[in-house]
Amino acid sequence: MATKIKILAPVGSFESLAAAVQAGADAIYFGVEQLNMRVKSAGAFTIDDIATVATKCDEHNIRKYLTLNTTVYDYDKNLFTEIITASKEAGVDAIIASDFAVIMECRRQGMPVHISTQTNVSNLDSVKFFSTFADLIVLSRELTLKQVEAITHGIERHDVRGPSGELVKIEIFGHGALCMAISGKCYLSLHSNNSSANRGACIQNCRHKYTVIDQDSQQELEIDNEYIMSAKDLCTIDILDKIAATGISVLKIEGRGRTADYVFETVRVYKEALAAIDEGAYTAENIARWRKELATVFNRGFWEGYYLGRKLGEWNETDGSKATQKKVYLAQGVRYYPKLKVAEFKLESGKLKVGDEVLVIGPVTGIVRQVVETIHVDNGPVEIVKQGFNFTIPFSAHIRPTDKLYKLIPTEYADADPLP
Amino acid sequence: MPTLIHYRDKCIGCNVCFEMWPVRWRMSTTDGKATLVGGIKKKNLHILRVSPGEDEINVRVANACPVKVIKVQP
């Protein structure tokens, strides 16, 4: 049953956490302080935030995992020990780890471990090795579905059980950024900027444009694509039935560095698609619709990764997102009038007019998308409102001062097929 | 005298400052971040007056910091 597969959502901010909850994520993962793989790109959660995140997940019966999967040095021991202790006290369900020191400390404290993709587990014997420490293993992102299936079947056939006594579960990546290096093990960023990808500080050299010059002749080499190292994003919506058939337990969505609307849309779409497989609604028509919906949020173009046996990555041909929509910041939330179901905002930049599609993102509100039907200012109804004015619009959700309102506008990629 | 300033909260504990200039930097085993040896804490900053003779190495360290949390103020 495809619906047995759990969707694991990336959470890099309280806005993303609210969005993951709203979209129906089964579990979330987040990192704190400097020992996680998105230390530069995600919002900075601290040790003190662990309990807050855990409580919010408990309220919605969502499992929560903490990533502690960077390379660690001797001087990090006190910090990672403290993080593991705080996680255990807060009721975090597991630590996602790759370094043996972290795995050992989790074992000492009786904290469950998930083996991170950073360990590149690619075969059944490695799964057997790590089953001493972990009940769930995230496989390397470079495997084919046949290899994944061989591992899940091997676990059953060889009765490979984790510390809990249950059969070891397998997690794979389902959607999001792919890296040119094997499961993130890359030296480029450290080499160029002392900014180690393996300490979560990747500056993404691979996403830049490069020219290759023959030093002997000084001629530029002819290459089809100047973004020669920038992999397209993984998208498995087209092969989700095949993924479900491999026997994996968890499908992970990458993107702790991405925004809350990305988290909401990807979780929502993959949840819907998994349910559709069970209900006989996993049709070409629906897949095309899901593809379009996934393309509305940040992406570098899509391919299905290495799962179908492709040996080389597909390279992106632009330096930014190929999302079919972009959001432009307009206004800050002021207050909500629940009886009238009307929200007041202050327009801080640009202008808003009747008929615009808007998106509100907030740490408590999560994600709300709707079309503006009417706009009121002090003097009454208007068709358009400009910077500096407070205005009210009918709104379906409670709006708070921490909410931000964006206008959604189509991009140059609006008519392109993201998975040609 | 020039001043070395460390925005310590944002340090990611990469170790490069300590590797380059162990006279001024240590890695804290308490929280895994770099510590400016002899620095005085003022709000979120750690500050130390240093000799102009050290400018070259201090500037190199500041440039090497991947999260740019080290500044040298003339």
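Per chain, numbering begins at 1; letters A, B, ... match sequence-line order.
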Counting only heavy atoms not in Arg63(A), do more than 12 sit closer than 6.0 Å to its CZ atom?
no
Pairs in or reaching into residues 92-117 of chain A: which pass ring-ring contact (aromatic ring centres under 6.0 Å, His included), with residues at least two apart or in two chains?
Tyr65(A)-His114(A)
Between chain A and chain B, going by a 3.5 Å limit, which atoms form donor-acceptor pairs, if any?
{"from": "Gln34(A)", "atom 1": "NE2", "to": "Asp31(B)", "atom 2": "O", "distance (Å)": "3.1"}
{"from": "Gln34(A)", "atom 1": "NE2", "to": "Gly32(B)", "atom 2": "O", "distance (Å)": "3.4"}
{"from": "Lys40(A)", "atom 1": "NZ", "to": "Pro66(B)", "atom 2": "O", "distance (Å)": "3.1"}
{"from": "Tyr75(A)", "atom 1": "OH", "to": "Gly13(B)", "atom 2": "O", "distance (Å)": "2.7"}
{"from": "Asn78(A)", "atom 1": "ND2", "to": "Thr30(B)", "atom 2": "O", "distance (Å)": "2.7"}
{"from": "Asn194(A)", "atom 1": "ND2", "to": "Ala64(B)", "atom 2": "O", "distance (Å)": "3.1"}
{"from": "Arg199(A)", "atom 1": "NH2", "to": "Ile12(B)", "atom 2": "O", "distance (Å)": "3.4"}
{"from": "Arg199(A)", "atom 1": "NH2", "to": "Gly13(B)", "atom 2": "O", "distance (Å)": "2.7"}

